[in-house]
Protein chains: 2
Amino acid sequence: MRDVFHADLANVSLTEVMHGLSDPLRLRIVDLLARRGETECFAIYSALGISKSNASHHFRVLRECGLLRRLHQGQQQSARLRTDEFEERFPGLLTAVLSNVDDALRADSAESSPVGA
Amino acid sequence: MRDVFHADLANVSLTEVMHGLSDPLRLRIVDLLARRGETECFAIYSALGISKSNASHHFRVLRECGLLRRLHQGQQQSARLRTDEFEERFPGLLTAVLSNVDDALRADSAESSPVGA
DNA sequence: TGGACAGTACAACAGTCGTTGAACCTTTGG
DNA sequence: CCAAAGGTTCAACGACTGTTGTACTGTCCA
């Protein structure tokens, strides 16, 4: 669990980024991270209701396209968006994407206890 | 060659759009269309150096996610970006994507006669 | 009417992707 | 030292995707 690969944003292509964001689950992860800031990995795949392996897979894709950084602080790890670096490499892109995240997509990701309505 | 499917932008999800833009060829098509405006289909897949069937396939994906509209004017047809409609549905998204198209990507798509350099 | 041409539809293939479960590694806590 | 917990890795599977070639549809021109 030591060091995982983190993309050098200079080497990341727009195509890779678009691919990274083309999956609903990953879009939810990114949106969730954007709203919560640094978040524990457990909390993420718990909120999304997916398995550890699956989450780990998507985390990796997101790391490989430079969107996500993993922070390991012992047993429980966390992740955060590389917002500023990403903004330098792809100005305005992440903002534009996040501002267009559908509520339908977001709802599933945020609600672990859908009580209301 | 009569009527092809064009997506109702209201029903298009962000995920579909991101998927539509996650292919380098499609990204080039969109970029090319953005710079040239309405363009003949032949000119597009000629500039990209791909087969008719392949181009038609990508055109369809682009139509299905609401990015492209086909205009049939007889034998030779053309396509154009649904810029304004798309902007209404996904504000700022297309602009942000297009402004981040790498030159490397663009070079291949624009140059049918790579003379310079 | 016929043939050339532009584009689409279909079938087929290889390659990739998302998902799952099991095994593994590392840290934490007894 | 051992066991539990958090994540990653691996192999495997089905599903989807991009590409190609061929057949088909529709249009233009002679």
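A, B, ... follow the sequence lines: proteins, then strands. Residue 1 opens every chain.
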Enquirer: Rounded to the nearest Å, what distance is computed from the NZ atom of residue A/Lys52 to the C1' atom of nucleotide D/dA4?
Expert: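 That distance rounds to 11 Å.
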Enquirer: With a 4.0 Å limit, can you tell me whether A/Arg60 has a side-chain N or O closer than that to the phosphate oxygens OP1/OP2 of D/dG7?
Expert: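 For A/Arg60, the contact criterion (side-chain N or O under 4.0 Å from OP1 or OP2 of D/dG7) is not met.
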Enquirer: Show me, pair by pair, the donor-acceptor contacts under 3.5 angstrom made by side chains of residues 56-67 of chain B, not counting sequence neighbours?
Expert:
unit_1	atom_1	unit_2	atom_2	d
B/His58	ND1	B/Arg26	NH1	3.1
B/His58	NE2	B/Asn54	OD1	3.2
B/Arg63	NE	B/Phe5	O	3.2

Enquirer: I want to verify a distance call: between D/dT9, C/dT8, D/dG6, whose nearest atom is closest to the A/Gln76 side chain?
Expert: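 Ranking D/dT9, C/dT8, D/dG6 by closest atom to the A/Gln76 side chain puts D/dG6 first.
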Enquirer: For B/Glu88, what residues pass the side chain to side chain donor-acceptor pair (under 3.5 Å) criterion, not counting sequence neighbours?
Expert: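 None.
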Enquirer: Over how many whole Å does the gap from B/Gln75 atom CD to D/dT25 atom C1' extend?
Expert: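 One finds 12 Å between C1' of D/dT25 and CD of B/Gln75, rounded.
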Enquirer: Tell me, do B/Ile44 and B/Leu33 make a side-chain contact under 4.5 Å, heavy atoms counted?
Expert: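 Side-chain contact under 4.5 Å: yes.
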Enquirer: Under 4.0 Å from OP1 or OP2 of D/dG18: is there any side-chain N or O of B/Asn54 that close?
Expert: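 Answer is no, no contact under 4.0 Å.
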Enquirer: Answer with base, sugar-phosphate or nothing: what part of the nucleic acid does B/Leu25 contact at a heavy-atom distance below 4.0 Å?
Expert: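 Result for B/Leu25 = sugar-phosphate.
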Enquirer: Among all residues two or more places apart in sequence or in another chain, which pass the salt bridge (Lys or Arg N to Asp or Glu O under 4.0 Å) test with A/Glu85?
Expert: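 Once residues adjacent in sequence are excluded, the partners of A/Glu85 under the salt bridge (Lys or Arg N to Asp or Glu O under 4.0 Å) criterion are A/Arg69, A/Arg82.
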Enquirer: Round to the nearest Å and state the distance from B/Asp3 atom CG to D/dT27 atom C1'.
Expert: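 To the nearest whole Å, that distance equals 15 Å.
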Enquirer: Has A/His72 got a side-chain N or O lying under 4.0 Å from the OP1 or OP2 atom of D/dT8?
Expert: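 No, no such contact exists.
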Enquirer: With side-chain hydrogen bond (donor to acceptor under 3.5 Å, both in side chains) as the rule and sequence neighbours excluded, what pairs involving residues 7-16 of chain A come up?
Expert: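 Sorted pair list: A/Ser13-A/Glu16.
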Enquirer: Could you give the CD-to-P distance, from B/Gln77 to D/dC28, as a whole number of Å?
Expert: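 Spelled out: CD on B/Gln77 to P on D/dC28 is 10 Å.
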Enquirer: With a 3.5 Å cut-off and heavy atoms only, can you find an N or O donor on one side and an acceptor on the other between the side chain of B/Ser53 and the base of D/dG21?
Expert: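 It does, because a donor-acceptor pair links the side chain of B/Ser53 to the base of D/dG21 below 3.5 Å.
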Enquirer: Applying a 4.0 Å non-hydrogen cut-off, can you work out what A/His57 is touching in the nucleic acid: base, sugar-phosphate, or nothing?
Expert: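 Contact class for A/His57: base.
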Enquirer: Please state how far atom CD in A/Glu40 lies from atom P in D/dG6, giving the value in whole angstrom units.
Expert: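 Rounded to the whole Å, the gap is 10 Å.
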Enquirer: According to side chain to side chain donor-acceptor pair (under 3.5 Å), who are the partners of A/Thr95, at least two apart in sequence or on a separate chain?
Expert: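 For A/Thr95 there are no side chain to side chain donor-acceptor pair (under 3.5 Å) partners, ignoring immediate neighbours.
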Enquirer: Parallel under 30°, tilted from 30 to 60°, perpendicular over 60°: which one fits the rings of A/Phe90 and A/Phe86?
Expert: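 Rings of A/Phe90 and A/Phe86: tilted, as their planes differ by 30° to 60°.
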Enquirer: List in numerical order all residues of residues 14-21 of chain A for which some heavy atom is under 4.0 Å away from an atom belonging to DNA chain D.
Expert: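 Going residue by residue through residues 14-21 of chain A, none turns out to have a heavy atom under 4.0 Å of DNA chain D.
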Enquirer: Verify the contact: side-chain N or O of A/Arg63 to OP1 or OP2 of D/dT8, cut-off strictly under 4.0 Å; return yes or no.
Expert: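 Checking D/dT8 against A/Arg63, a side-chain N or O does come within under 4.0 Å of OP1 or OP2.
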Enquirer: Side-chain N or O of B/Tyr45 less than 4.0 angstrom from OP1 or OP2 on C/dG7?
Expert: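 Result: yes.
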Enquirer: Would you kindly give the CG-to-P distance between B/Leu68 and C/dG7, to the nearest whole Å?
Expert: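 Roughly 12 Å, once rounded to whole Å.
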Enquirer: To the nearest Å, give me how far apart CG (B/Leu48) and C1' (D/dT19) are.
Expert: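 B/Leu48 atom CG is separated from D/dT19 atom C1' by 14 Å.
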Enquirer: Does A/Arg28 form a salt bridge (charged side-chain N to carboxylate O under 4.0 Å, His left out) with A/Asp31? I'd like the steps, not just the answer.
Expert: CA-CA 5 Å; A/Arg28 287 200 260 180; A/Asp31 176 65; over 6 Å; no
Enquirer: May I have the distance from B/His58 (atom NE2) to C/dA9 (atom C1'), rounded to whole angstrom?
Expert: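 It works out to 16 Å between those atoms.
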Enquirer: Closer than 4.0 Å, any side-chain N/O of A/Arg70 to the OP1 or OP2 of D/dT8?
Expert: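 So the side chain of A/Arg70 is within the cut-off, an N or O lying under 4.0 Å from OP1 or OP2 of D/dT8.
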